[in-house]
Amino acid sequence: MNLQKVTFKNKEGQALVGRLELPVDQHPHNFALFAHCFTCNKNLLAVKNIGKALTSNGFGVLRFDFTGLGESSGDFADTNFSGNVDDLVAAADYLKENYAAPSLIIGHSLGGAAVIFAAQQIPSIKAVATVGAPSNPVHVKHLLRSGLDEIEANGKAVVNLSGRDFTIKKQFLDDLETKSLPETVKQLRKPLLIMHSPQDDTVGIKNAEEIYVAAHHPKSFVSLDGADHLLMDKRDSTYVGEVVAGWAKRYVELTANNGIKTKHQVAASLDADDGFTTQMKLGKHYMTADEPLEFGGNDFGPSPYELVSAGLSACTAMTIQMYAKRKGWPIENVEVHTSYGKDHAVDCEACEMPEAKIDTFNREIKLTGDLDGKQKQRVMEIADKCPVHKTLHSQTQIISKLIS
């Protein structure tokens, strides 16, 4: 996982701190924005697990602390639901200015309600996903019931939530009363995924039904059967991330490798601003080639010489198993380990200078099976007869021409 700490300003100029997670093996095809639950923060384990699942599917994910929470600046007592929505818009602006505008937005619990409101203000959002979201922001008042009377009487109260004390002011409650989620959902007109657990005793499953009924198609519901509200079981939060990633790919634009078309067996495509990260088509298959970080690459894929070594390893294994099957020899598995380098020639009579080095592939073969010494010796002889081995030893020619 490629994890970066980022800081950006909210509407009031206060610093919000987040973590930007990027895929380890490619540039993100899309960016997602995540809103955590009420009084939680970006480091909740469930949030991390959802992010990891998304990045493993090629998304870049920004999760951050709302104003007054976690590492972000500001006083939580002065915040409200509208401020959370504004923070999400500020986060989207940060991504747009520094990376790419987010196309997916995801919210957990009250964060789920917030992303529905925010999605209307972020034009780049193509898909919205909620997890355990209330059908109305006012629902959060039941969490504050121990201090409601004091808030109404004195304008504020200290309320204990999940073992922590938070000062809640009357303006927070007043702001909630101005927000109608069902009406906002009706106006959303963007693909919506609603995920909720029937066993959620913090935000009941009825909330998911009310959001679903209010929303226009395309809309989807996925039951998180057995999960608790905070998704404390890693399997539940990882499942959420995997489902969101698969669902969202239907609605966001993917920079697919299959744009490479060729009449040849292999094609490689490299844009000017991609460094060494090269998209490749090999037969009907797609992959990425790159160079290591120390050579100026992103290390998103094997290097060209690693690809050549891979071809030698694969061809050697195939040739040995094909020969063994023909002979009826019991080879259960063949491992071929190959590395490339430039070494001093074993026989330097053909070298003009004693210190000359030649291209060298070091290959080690491991056989699993009941073979005697003669059979093993014969297998090693057959290894040298694999087609790629012969090609690397033979005189070859490369014919190049410019095409349009």
Side-chain angles (χ1 to χ4, degrees), residues 1-4 6 19-32 50-62 95 98-104 124 126-127 238 241-242 244-318 335-341 359 361-363 388 391-392 398 400 402-404:
M1 178 178 62
N2 183 350
L3 186 63
Q4 303 175 12
V6 300
R19 295 293 185 273
L20 181 62
E21 297 178 66
L22 301 173
V24 297
D25 58 350
Q26 64 181 91
H27 293 296
H29 54 68
N30 282 270
F31 280 86
I50 292 170
K52 288 179 181 178
L54 286 163
T55 55
S56 70
N57 280 275
F59 286 89
V61 182
L62 174 59
L95 283 176
N98 295 276
Y99 297 90
S103 56
L104 172 63
S124 61
K126 306 297 183 187
T238 299
E242 292 288 348
V244 171
W247 169 83
K249 286 179 181 178
R250 188 174 185 88
Y251 302 107
V252 300
E253 294 182 10
L254 299 177
T255 53
N257 291 339
N258 57 12
I260 304 176
K261 299 187 183 303
T262 181
K263 64 180 180 180
H264 294 277
Q265 296 164 318
V266 176
S269 175
L270 178 61
D271 290 338
D273 56 354
D274 279 341
F276 293 114
T277 306
T278 305
Q279 304 305 317
M280 299 185 66
K281 180 180 181 184
L282 295 81
K284 296 180 180 179
H285 309 283
Y286 299 90
M287 67 175 297
T288 300
D290 209 333
E291 289 287 0
L293 294 173
E294 58 266 31
F295 293 141
N298 291 303
D299 202 23
F300 286 166
S303 70
Y305 275 113
E306 287 172 338
L307 289 169
V308 176
S309 299
L312 177 60
S313 289
C315 184
T316 301
M318 292 176 186
E335 286 185 16
V336 182
H337 303 256
T338 307
S339 59
Y340 166 82
D359 295 285
F361 291 90
N362 287 294
R363 179 176 59 184
V388 172
T391 297
L392 291 172
I398 301 173
S400 301
L402 188 65
I403 59 175
S404 58

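Counting from 1, the numbers follow the sequence of the chain as shown. This is a predicted model, so every value here is computed, not measured.
Using a 30° and 60° split on the angle between ring planes, His27 and Phe300 fall in the perpendicular class, above 60°.
Pairing each heavy atom of Leu282 with each of Met287, the nearest pair is CD1-CG, 3.3 Å. Heavy atoms only, all atoms of each residue included: Phe295 and Glu291 are closest at CD1-OE1, 4.0 Å. Residues Asp274 and Asn298 share a closest heavy-atom pair of O-ND2, 4.2 Å. Between Pro302 and Leu307, the shortest heavy-atom contact is CG-CD2, 3.6 Å. In terms of heavy-atom proximity, Arg19 sits nearest to Val6 at N-CG2, 4.4 Å. Looking at every heavy atom in both residues, Leu22 comes nearest to Pro28 through CD2-CG, 3.7 Å.
Here the CG-CE distance, from Asp290 to Met280, works out to 11.5 Å after rounding to the nearest 0.5 Å. The line from CD1 of Ile50 to CZ of Phe59 is 13.5 Å long, rounded to the nearest 0.5 Å. Here CD of Glu242 is found 4.5 Å from OG of Ser56. Values are rounded to the nearest 0.5 Å. Rounding to the nearest 0.5 Å gives a distance of 9.5 Å between CG of Asp359 and CG of Leu392. Between the CG atom in Asp271 and the OG1 atom in Thr278 there is a gap of 9.5 Å [rounded to 0.5 Å]. Summarising the geometry, atom CG belonging to Leu3 is positioned 9.5 Å from atom NZ belonging to Lys52; distances are rounded to the nearest 0.5 Å.
Between Thr288 and Gln279 the shortest side-chain heavy-atom distance falls below 4.5 Å.
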* Can you list the steps and then say if Asn30 with Lys126 is a side-chain contact (heavy atoms from CB on, under 4.5 Å)? -> CA-CA 10 Å; Asn30 282 270; Lys126 306 297 183 187; over 6 Å; no

* Report the C-alpha distance between Ser309 and Arg363 in whole Å, list the side-chain angles of each, state the deciding distance to 0.1 Å, and finish with yes or no for side-chain contact (heavy atoms from CB on, under 4.5 Å). => CA-CA 9 Å; Ser309 299; Arg363 179 176 59 184; over 6 Å; no

* Please walk me through it: do Asp299 and Phe276 pass side-chain contact (heavy atoms from CB on, under 4.5 Å)? -> CA-CA 9 Å; Asp299 202 23; Phe276 293 114; over 6 Å; no

* Please step through side-chain contact (heavy atoms from CB on, under 4.5 Å) for the pair Leu54 and Leu104, ending with a clear verdict. => CA-CA 11 Å; Leu54 286 163; Leu104 172 63; 4.3 Å; yes

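In this structure, Gln265 places its CD atom where only 12 or fewer heavy-atom neighbours from other residues, nucleotides or ligands lie under 6.0 Å away.
A donor-acceptor pair under 3.5 Å is formed between the side chain of Ser124 and the backbone N or O of Pro102.
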